[in-house]
Amino acid sequence: MLEIKDLTIEIETKKVIEKLSFIANMGDKIAIIGEEGNGKSTLLKAIYDETLLNYAKVSGSINKKDNSVGYLEQIIDEKYLNMEVFDYLFESENAYYEKIDSFYNLLNELHIDNYILNKHIRILSGGEKVKIQLLKILLREPDILLLDEPTNDLDIETLVWLEEFINSYGGPIIFVSHDEYLLSKTANVILHLELIRKKSVARNTVVRCNYDTYVEKRLRSLTKQEQVSRKENAVYKKQKQKLAQVMDKVHHQLNTISRGNPHGAKMLKRKMKTLKVQEKRLDEKELTELPDIEEVINIFFEDVNIPRKKVILDIMIPVLKVEDKVLSNNISLKVIGNEHIAIIGNNGCGKTTLVKEIVNILKERVDLVFGYMSQNYEDILDFNITPIEFLSKTYDKDELSLIRSYMGNVNFTKEEMTCSIKELSGGSKAKLILLKLILDKCNVLILDEPTRNVSPISNPIVRNILSDFKGTIISISHDRKYIEEVCDKIYKLDNNGLFEL
């Protein structure tokens, strides 16, 4: 159905993908994994339409064999934001009537309310936008599906549907996802894109197995390789040391042997020659190298604590609404001490609106240092400045040195530190905001989908960082692993209020 051969993608003289080859067959669910900025989204764009990559040089072949391709972008194009949903989905009423049966079936499957069909896309929630994009693609019944972060902002109910849909879809699906549950339940082929040696060398691995098996085998292989390497190097070092001692002894004997003993000198020279042959053979022996992998991120919150009985938040909101639409009623929430809470609920129920209300309330508190990660990074980040400028306050030498050190610990390259923020991947922007929260020593975190753009390679580490956080976390998340590992309380928002589960 789809064949890729020797595909190389180069961005500004740097190869992000090199000599990638694989075939996508019927029923293949190919998950592309890898760290932020490793070319995952770029690869999907290349497969869909090479002309989208006006920023990259592409070589090799992509043969789609006349199959139609549906492509879900990570972010909906700005040109559609002022359109009404119905106009976005259908070019004409005839197009609507031609697809009317499948349209209403998909509306039900995706849990999309009819009322949004006449709404402008701009005012929809993040999850609703993803659903609408999916709906438009599925109405065209493509042979091959390319999905770039399809789980972003989807509620748990729709995530379960998406898992079932991916598994039942007959054609090949190639997708990027940071949702480890989705990866575990759907992928049967893993395509791992890496940038090793300080992000200077591109490497790809294609394995036909499920995600859990890949992670387990990879970890086992890396552990074994490391053990063998360390053992071989220890033996080599010991043999080298012993050989050096013998050679020193022979060399000393040669220097001190009397001229009246030519036979002895000859024997010593012969022995030295033999030792040098042994040394050469020892040096030529190939030793198992330590695993060459991407460095994991290494950051944590320092000196952060919240008194156990301190009241962080105690609110009562009679009516929660956006524009003219009432989302919920009689919302009450009390947060005490270093609680880690998650707020869940269906797409469009008002979770982000509620969190923004909480942010406005906490802004007035002078006894807390709170930080906010918005679902829309542009609410926080000035895309026209550099990451270092975003993190800096004083611009003095010591501060800049500290910032560069922290950025290096989350695998920012020197180029990424000084480029404009708009050039960063979504995952790198998420890490940048997390760094800001750490450097500001925040003791209260308000997080709207904190793991949505973080790779499955880094996600376990980010979850561990937040789980160990000694302050307060109020978060929105549909990431089931995040909810399980980080949060000790879960609240569900619906039109009747906010209820602890």
Side-chain angles (χ1 to χ4, degrees), residues 9-18 33-43 53 55-57 74-75 149 176 178 193-203 292-302 371-374 376-442 445 447 450-459 461-462 464-466:
I9 301 177
E10 193 173 328
I11 301 176
E12 294 181 351
T13 72
K14 176 184 173 182
K15 291 176 182 176
V16 292
I17 295 171
E18 185 171 18
I33 65 171
E35 285 286 3
E36 295 75 22
N38 282 13
K40 301 184 295 294
S41 296
T42 297
L43 174 58
L53 298 183
Y55 57 87
K57 180 182 176 183
Q74 196 173 124
I75 301 174
E149 292 297 345
V176 176
H178 299 148
L193 300 179
E194 297 177 273
L195 290 174
I196 58 176
R197 298 175 197 168
K198 302 293 183 181
K199 290 194 173 185
S200 64
V201 176
R203 180 171 70 187
D292 194 350
I293 58 174
E294 290 181 289
E295 297 175 12
V296 298
I297 65 176
N298 179 28
I299 51 172
F300 52 90
F301 286 86
E302 296 180 87
Y372 175 42
M373 176 184 281
S374 172
N376 181 5
Y377 299 151
E378 218 163 347
D379 292 344
I380 298 171
L381 300 171
D382 180 349
F383 281 15
N384 295 314
I385 65 174
T386 69
I388 288 179
E389 288 173 327
F390 171 71
L391 295 174
S392 299
K393 291 179 180 177
T394 65
Y395 294 95
D396 65 46
K397 185 178 178 180
D398 289 341
E399 184 200 50
L400 291 175
S401 177
L402 179 66
I403 287 170
R404 289 181 184 277
S405 173
Y406 269 78
M407 294 186 76
N409 286 343
V410 292
N411 294 336
F412 275 85
T413 64
K414 289 182 180 179
E415 292 77 14
E416 288 170 330
M417 293 179 192
T418 54
C419 71
S420 62
I421 291 175
K422 65 184 174 187
E423 296 176 57
L424 298 177
S425 68
S428 294
K429 288 170 186 165
K431 287 181 179 178
L432 184 61
I433 296 171
L434 182 59
L435 281 180
K436 177 73 171 171
L437 302 178
I438 290 172
L439 287 167
D440 286 351
K441 299 187 182 299
C442 297
L445 306 181
L447 309 174
T451 60
R452 65 194 291 261
N453 282 313
V454 181
S455 79
I457 310 299
S458 296
N459 231 324
I461 302 165
V462 171
N464 190 54
I465 292 166
L466 294 175

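Below, each value reflects all heavy atoms present in this structure, side chains not excepted, and no hydrogens, waters or symmetry copies.
- Closest approach of Met407 and Ile388 over heavy atoms only: SD-CG1, 4.0 Å.
- The only member of Glu18, Glu35, Glu194 that meets salt bridge (Lys or Arg N to Asp or Glu O under 4.0 Å) when paired with Arg203 is Glu194.
- Here the straight-line distance linking atom CD1 of Ile75 with atom CD of Glu149 works out to 10.5 Å at 0.5 Å rounding.
- In this structure, Ile403 and Phe390 have side chains that are not in contact, with every pair of non-hydrogen atoms separated by 4.5 Å or more.
- Scanning all heavy atoms of the two residues, the minimum distance from Phe300 to Ile465 falls at CA-CG2, 4.3 Å.
- Put simply, the side chain of Thr451 never gets that close to the backbone of Val454: no donor and acceptor are under 3.5 Å apart.
- Listed here is the closest heavy atom pair of Ile385 and Glu389: CB-OE1, 3.2 Å.
- By the 6.0 Å contact criterion, CG on Leu439 is enclosed, its count of non-hydrogen atoms from other residues, nucleotides or ligands being greater than 12.
- In this structure, a donor-acceptor pair under 3.5 Å is present between the side chains of Asn453 and Tyr377.
- Going from atom CD of Glu423 over to atom OG1 of Thr418 covers 9.0 Å, rounded to the nearest 0.5 Å.
- The backbone N or O of Gly34 sits less than 3.5 Å from a side-chain atom of Lys40, completing a donor-acceptor pair.
- The CG atom of Leu466 sits 6.5 Å away from the CG atom of Leu434 when rounded to the nearest 0.5 Å.
- Looking at Asn376, its side chain does come within 3.5 Å of a backbone N or O of Glu378 through a donor-acceptor pair.
- When every heavy atom of Ile380 is checked against every heavy atom of Ser374, the shortest pair comes out as CD1-N, 3.0 Å.
- One distance of note links NZ of Lys431 with CZ of Phe412; it measures 7.0 Å at 0.5 Å rounding.
- You'll find the side chain of Leu424 reaches within 4.5 Å of the side chain of Cys419, heavy atoms only.
- What you find for His178 and Pro456 is that their closest heavy atoms are CD2-CD, 3.5 Å.
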Please evaluate residues Lys393 and Asp440 with respect to the criterion side-chain contact (heavy atoms from CB on, under 4.5 Å), reporting the C-alpha separation (whole Å), side-chain torsions for both, the decisive distance (0.1 Å), and the verdict.
CA-CA 10 Å; Lys393 291 179 180 177; Asp440 286 351; 3.1 Å; yes
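- Tested against Ser392 for a side-chain contact (heavy atoms from CB on, under 4.5 Å), the candidates Thr386, Leu402, Leu400 yield a single pass: Leu400.
- The shortest side-chain heavy-atom distance between Met373 and Leu445 does not fall under the 4.5 Å cut-off.
- When all heavy atoms of Lys15 and Ala202 are compared, the pair lying nearest together is O-CB, 3.4 Å.
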side-chain contact (heavy atoms from CB on, under 4.5 Å) assessment of Val176 paired with Gln74
CA-CA 9 Å; Val176 176; Gln74 196 173 124; 5.9 Å; no
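- Residues Leu437 and Leu447 meet the side-chain proximity criterion, which asks for heavy atoms closer than 4.5 Å.
- Taking CD of Glu12 as the start and CD of Glu415 as the end, the distance is 9.0 Å to the nearest 0.5 Å.
- Atom NZ of Lys441 has more than 12 heavy atoms from other residues, nucleotides or ligands within 6.0 Å.
- Ile433 places none of its side-chain heavy atoms less than 4.5 Å from the side chain of Tyr372.
- Taking CD1 of Ile421 as the reference point, atom CG of Asp382 lies at 6.5 Å (rounded to 0.5 Å).
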